[in-house]
Amino acid sequence: MKNILVANSKGGCGKTTLATNLAGYFAAMGNKVVLEDLDRQRSASNWLQRRPSVLPAIHSYTEYEKHHISKPDWIITDSPAGFRDEKLTEAIKKADCVIVPIQPSAFDIVATSDFLDVLDREKAVRKHKTFVALVGMRVNVRTNATAALNAFMQYTGLPILTNLRNSQVYATGAELGVSIFDLRPSFVAQDTQQWQALLEWVTDITTA
Ligand SMILES: Nc1ncnc2c1ncn2[C@@H]1O[C@H](COP(=O)(O)OP(=O)(O)OP(=O)(O)O)[C@@H](O)[C@H]1O
Ligand SMILES: [Mg+2]
């Protein structure tokens, strides 16, 4: 069983978008997937409730906890803004990796920088038991903000998995309870292409 934690203490940076689409991808690949929602806002849980039953199943953490399903292949964990202290430490200890989404804005960069310092102090991260990586979110090329984000991400020395563009398909997916991997491939080709390096990295570090 593999666990990906999606986290950044900064609100609104794309955690739930990343987590729900990761869950959708692994389900589409035929895996048994649990979407764990640590956020009291329950955005990921609400997305799951909206998910059409004809699509590949994604299970809630409650189903797993209550033994309604057997051990999953993947647990994808969405976390809240302001995530810190014992709960963060506990989630990091369980996870194979932490994926941190960041948007191209000065506010996001400063807040994420502080969050990365917090991650750096975690024992599981220091001992390379849990890997940390970055994803640029809502990135439009050729803006100063994007250049600043890329410079920041490079400065951290962490793996930069991908830059996902600002795309309406994510908002549509959120509304309908679907991931981009559930939509017609020709319609989302540019977006699914941007996920490939992220998906390869996750597969590599969890099979190493
Ligand atoms: N790549 C993208 N393109 C377009 N819209 C996006 C993208 N990523 C996220 N969004 C939109 O940005 C908003 C915030 O994203 P999301 O809810 O995933 O952030 P969050 O980090 O989970 O927020 P919170 O801290 O409140 O939990 C949502 O409306 C979402 O649809
Ligand atoms: Mg969220």
Side-chain angles (χ1 to χ4, degrees), residues 2-10 12-29 31 33 35-36 44 73-79 81 83 88 91-92 94-105 108-109 111-120 122 124-126 128-143 145-167 169-170 173-174 179-181 185 188-208:
K2 295 151 194 168
N3 179 209
I4 303 173
L5 171 65
V6 182
N8 188 342
S9 58
K10 177 79 180 71
C13 59
K15 298 177 289 294
T16 305
T17 303
L18 211 49
T20 50
N21 279 281
L22 274 169
Y25 169 75
F26 287 113
M29 292 295 109
N31 296 280
V33 179
L35 180 59
E36 180 181 22
D73 303 304
W74 291 91
I75 297 182
I76 311 298
T77 307
D78 186 25
S79 61
F83 198 33
L88 174 64
I92 289 172
K94 271 175 39 189
D96 294 283
C97 62
V98 186
I99 301 184
V100 181
I102 321 177
Q103 294 199 29
S105 91
D108 286 63
I109 288 172
T112 304
S113 178
D114 292 345
F115 182 66
L116 294 178
D117 287 344
V118 171
L119 290 187
D120 228 21
E122 290 289 338
V125 173
R126 275 189 292 143
H128 304 292
K129 289 187 173 145
T130 305
F131 297 95
V132 178
L134 309 176
V135 168
M137 201 50 151
R138 307 187 84 161
V139 176
N140 293 324
V141 282
R142 289 190 290 274
T143 61
T146 296
L149 174 64
N150 282 323
F152 168 72
M153 292 201 292
Q154 270 163 26
Y155 167 78
T156 66
L158 292 168
I160 304 162
L161 304 185
T162 190
N163 281 320
L164 299 180
R165 68 178 182 144
N166 192 43
S167 171
V169 293
Y170 293 107
S179 75
I180 62 166
F181 303 99
V188 290
Q190 192 178 346
D191 298 293
T192 51
Q193 175 63 31
Q194 294 185 329
W195 278 75
Q196 292 316 308
L198 187 172
L199 299 169
E200 274 165 31
W201 181 84
V202 167
T203 308
D204 282 356
I205 65 120
T206 52
T207 49

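Model, not experiment: these values are computed from the prediction. Both backbone and side-chain heavy atoms feed into the values below; hydrogens, waters and symmetry mates do not.
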What is the minimum heavy-atom distance between [X] and [Y], and which atoms define it?
| X | Y | result |
| --- | --- | --- |
| M137 | G14 | CE-O, 3.7 Å |
| P101 | C13 | O-SG, 3.5 Å |
| A44 | L35 | O-CD2, 3.8 Å |
| V139 | P104 | CA-CG, 4.2 Å |

Could you check whether any side-chain N or O of [X] sits under 3.5 Å from a backbone N or O of [Y], counting only pairs where one atom can act as donor and the other as acceptor?
| X | Y | result |
| --- | --- | --- |
| D96 | N3 | yes |
| T112 | I109 | no |
| T203 | L199 | yes |
| Q103 | G12 | yes |
| S79 | V6 | yes |

List, one per line, each side-chain donor-acceptor pair under 3.5 Å for residues 152-162, sequence neighbours excluded.
from: T156; atom 1: OG1; to: M153; atom 2: O; distance (Å): 2.6
from: T156; atom 1: OG1; to: L158; atom 2: N; distance (Å): 3.2
from: T162; atom 1: OG1; to: Q194; atom 2: O; distance (Å): 2.5

Does [X] reach the side chain of [Y], with side-chain heavy atoms less than 4.5 Å apart?
| X | Y | result |
| --- | --- | --- |
| N8 | D108 | no |
| F131 | D204 | no |
| L5 | T130 | no |
| F83 | V118 | no |
| L164 | L18 | yes |
| I76 | F26 | yes |

Stepwise side chain to side chain contact (heavy atoms under 4.5 Å, CB included) test for W74 and T206: CA-CA 10 Å; W74 291 91; T206 52; 3.5 Å; yes

Tell me, which pairs form a side-chain hydrogen bond (donor to acceptor under 3.5 Å, both in side chains) where one or both residues lie in residues 14-27, sequence neighbours left out?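 For residues 14-27: T16-D78.
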
Which residues satisfy the ring-ring contact (aromatic ring centres under 6.0 Å, His included) test with W195, sequence neighbours excluded?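 For W195, the residues satisfying ring-ring contact (aromatic ring centres under 6.0 Å, His included) (neighbours in sequence not counted) are F181.
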
For N163 and N150, run side chain to side chain contact (heavy atoms under 4.5 Å, CB included): C-alpha distance rounded to whole Å, both residues' side-chain angles, the deciding distance at 0.1 Å, then the answer. CA-CA 9 Å; N163 281 320; N150 282 323; 3.3 Å; yes

If you round to the nearest 0.5 Å, how far is OG of S9 from CG of L88?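 Result: 8.5 Å between the selected atoms.
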
Spacing of K2 atom NZ and I205 atom CD1 [to the nearest 0.5 Å]: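 Going from NZ on K2 over to CD1 on I205, the span is 10.0 Å.
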
